[in-house]
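Notes follow the structure.
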There are 2 protein chains.
Amino acid sequence: MAVHVLAVLAYKEGDRVTSKFLAGSVNTNPVIVRRLLLSLQKARLVETCKGAGAGSRLSRSPRRINLAEVYRSVEDTESFASPARKPNADCPVGHCILEALSRLFASAQQAMEQDLARTTLADVLAAVKVSEECAGKKAP
Amino acid sequence: MAVHVLAVLAYKEGDRVTSKFLAGSVNTNPVIVRRLLLSLQKARLVETCKGAGAGSRLSRSPRRINLAEVYRSVEDTESFASPARKPNADCPVGHCILEALSRLFASAQQAMEQDLARTTLADVLAAVKVSEECAGKKAP
DNA sequence: ACAGATGTAATCATTCAGATTACTTAATGG
DNA sequence: CCATTAAGTAATCTGAATGATTACATCTGT
């Protein structure tokens, strides 16, 4: 949803876009979009103005926003969650398994983010425009 | 939880271990463990026998089980879920965003699995044993 | 001042993983 | 051979998380 919203903002090339409009593209409620935009604001990915005729826009070129930044701005919790109940500390395995796994999972998550970092919002936008051209050719 | 269970089986070095015992280490219900073991059986990671004196054990050496296999045996759904509501197909971005993202997310997930594949169950077991030694030194 | 937009709180709905109980099925030991 | 032990499995419950909805306060440009 975050990538979708940012892609729309990139598509609009700096024009201010309202949460209502974004919600229409994502097919959700404007309040959900506004909550998402708050996270993106904190990460300095978008700038939002209040009041009449206002809305949001990207704070940088799509070329300079990669998907790892987007991921981190939105996902506060870790991908690999700890279990709700603590393992049995009397068992030699249960005693230390969380400690061991947290290192491994942090590494796996970092690998994932490094892969996401290879793609920028400009790449996503380009894919959108290609798809748009194809649709235009099919039904001119 | 899957890694935890497999680590206990590795620690027990081929002895048959009951779901009740495993549940005691994980601190959960034996039924939960049995459901998990069904997935691990399908992936040929463990062998389970029914009846008195029965239980589960690894079907291979811990050296030859890596965490990507474990991940895939347990996680049937994709890490990056599609949104509950379909994006607005009338919007040029909404029309194609899922298609574009599915490729990117598949790549990110593959990167994560490749990182997990670098670690074997034997590595996890070694970490457990190191931790065990330290605990023994502290309180001999 | 007012219209249009965001910020934000409160509440509801849905989904999902795990928890629990209960019952059936199978294999082993005496 | 049968009593015991443990897995397979179904049904139901709970709690957490995410998104949906409604309502209202606040800000800002015309």
Side-chain angles (χ1 to χ4, degrees), chain A residues 1-5 8-9 12 15-43 45-57 59 71 73-88 94 98, chain B residues 1-5 8-9 12 15-42 45-59 71 73-88 94 98:
Chain A
M1 190 163 141
V3 178
H4 185 156
V5 162
V8 173
L9 295 181
K12 293 291 183 179
D15 291 357
R16 297 216 175 266
V17 184
T18 67
S19 63
K20 187 178 176 186
F21 182 93
L22 292 169
S25 175
V26 176
N27 191 20
T28 184
N29 194 291
V31 174
I32 303 295
V33 173
R34 275 179 232 150
R35 282 207 282 251
L36 172 64
L37 287 169
L38 290 177
S39 296
L40 299 176
Q41 283 165 38
K42 279 178 198 153
L45 296 178
V46 305
E47 291 170 355
T48 301
C49 286
K50 299 173 79 170
S56 302
R57 68 182 179 197
S59 61
Y71 178 87
S73 71
V74 166
E75 296 293 332
D76 47 347
T77 66
E78 291 180 359
S79 295
F80 295 92
S82 285
R85 297 186 175 193
K86 297 285 177 203
N88 181 352
L98 290 187
Chain B
M1 189 163 141
V3 178
H4 185 157
V5 163
V8 173
L9 295 181
K12 293 291 184 180
D15 291 357
R16 297 215 174 268
V17 184
T18 68
S19 63
K20 187 177 175 187
F21 182 93
L22 293 169
S25 176
V26 176
N27 191 21
T28 184
N29 194 289
V31 175
I32 303 296
V33 173
R34 277 179 230 150
R35 283 207 281 253
L36 172 63
L37 287 169
L38 291 177
S39 297
L40 298 176
Q41 283 166 39
K42 280 179 197 154
L45 296 178
V46 306
E47 292 170 355
T48 301
C49 286
K50 298 174 77 170
S56 301
R57 67 182 179 197
L58 296 182
S59 60
Y71 178 88
S73 71
V74 166
E75 296 293 332
D76 47 347
T77 66
E78 292 179 358
S79 295
F80 295 93
S82 285
R85 296 187 175 191
K86 298 285 177 200
N88 182 353
L98 290 186

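A note on names: the letters A, B, ... follow the listed sequences, proteins ahead of strands, and every chain is numbered from 1.
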Heavy atoms from C-beta onward define the side chain here; which of D:dG8, C:dT6, D:dA6 lies closest to that of A:Thr48?
C:dT6

Atom-to-atom span, CZ of A:Phe21 to C1' of C:dT6 - whole angstrom
18 Å

Rounded to the nearest angstrom, tell me the gap between atom CD1 in B:Ile32 and atom C1' in D:dC13.
12 Å

Check whether any side-chain N or O of A:Asn88 sits under 3.5 Å from a backbone N or O of B:Gly24 as a donor-acceptor pair, and report yes or no.
yes

Consider the side chain of A:Arg35, meaning its heavy atoms from C-beta on, and name the nucleotide among C:dA10, C:dA19, C:dT6 that approaches it most closely.
C:dA10

Considering heavy-atom distances to DNA chain D, does B:Pro30 or B:Ala84 have its closest nucleotide positioned more toward the 5' end?
B:Pro30

Could you state the atom-to-atom distance from CG of B:Leu38 to P of D:dA10 in whole Å?
10 Å

Sorted by position of nearest nucleotide on DNA chain C, 5' first, the leading residue of B:Gly51 and A:Leu37 is A:Leu37

Looking at A:Ala54 and A:Thr18, what are the two nearest heavy atoms and their distance?
O-CG2, 3.7 Å

Atom pair OG (B:Ser73) and CD (B:Gln41), whose distance is rounded to the nearest 0.5 Å
11.0 Å

Using whole Å, report how far CZ of A:Arg34 lies from P of D:dC27.
15 Å

Check the phosphate of C:dT6 against A:Gln41, side-chain N and O only, distance under 4.0 Å to OP1 or OP2. Yes or no?
no

Indicate the atoms forming the closest heavy-atom contact of B:Lys20 with B:Pro30, along with that distance.
CA-CG, 4.1 Å

For A:Val31 and for B:Val17, locate the closest nucleotide of DNA chain D by heavy-atom distance; then report the residue assigned to the nucleotide nearer the 5' terminus.
B:Val17

Ranking D:dA20, C:dT8, C:dT25 by distance to the side chain of B:Arg85, first place goes to D:dA20

The side chain of B:Ala52 is closest to which nucleotide in this list: D:dT5, D:dT21, D:dA10?
D:dT5

Can you tell me if the side-chain N/O atoms of B:Ser19 get under 4.0 Å from OP1 or OP2 in D:dA7?
yes

Taking atom P of D:dT9 as reference, at what distance in whole Å does atom CG of B:Leu36 sit?
15 Å

Could you check how far CG of B:Asn27 sits from C1' of C:dT20, rounded to whole Å?
14 Å

Return the value, rounded to whole Å, for the distance between atom NE2 of A:His4 and atom P of D:dG19.
14 Å

Got a sec: does the CD of B:Glu75 have more than 12 other heavy atoms crowding it under 6.0 Å?
yes

Side chain of A:Lys50, heavy atoms from C-beta onward: which of D:dT9, D:dA23, D:dC27 has the nearest atom to it?
D:dC27

Return the value, rounded to whole Å, for the distance between atom CG of A:Asn29 and atom P of D:dT22.
8 Å

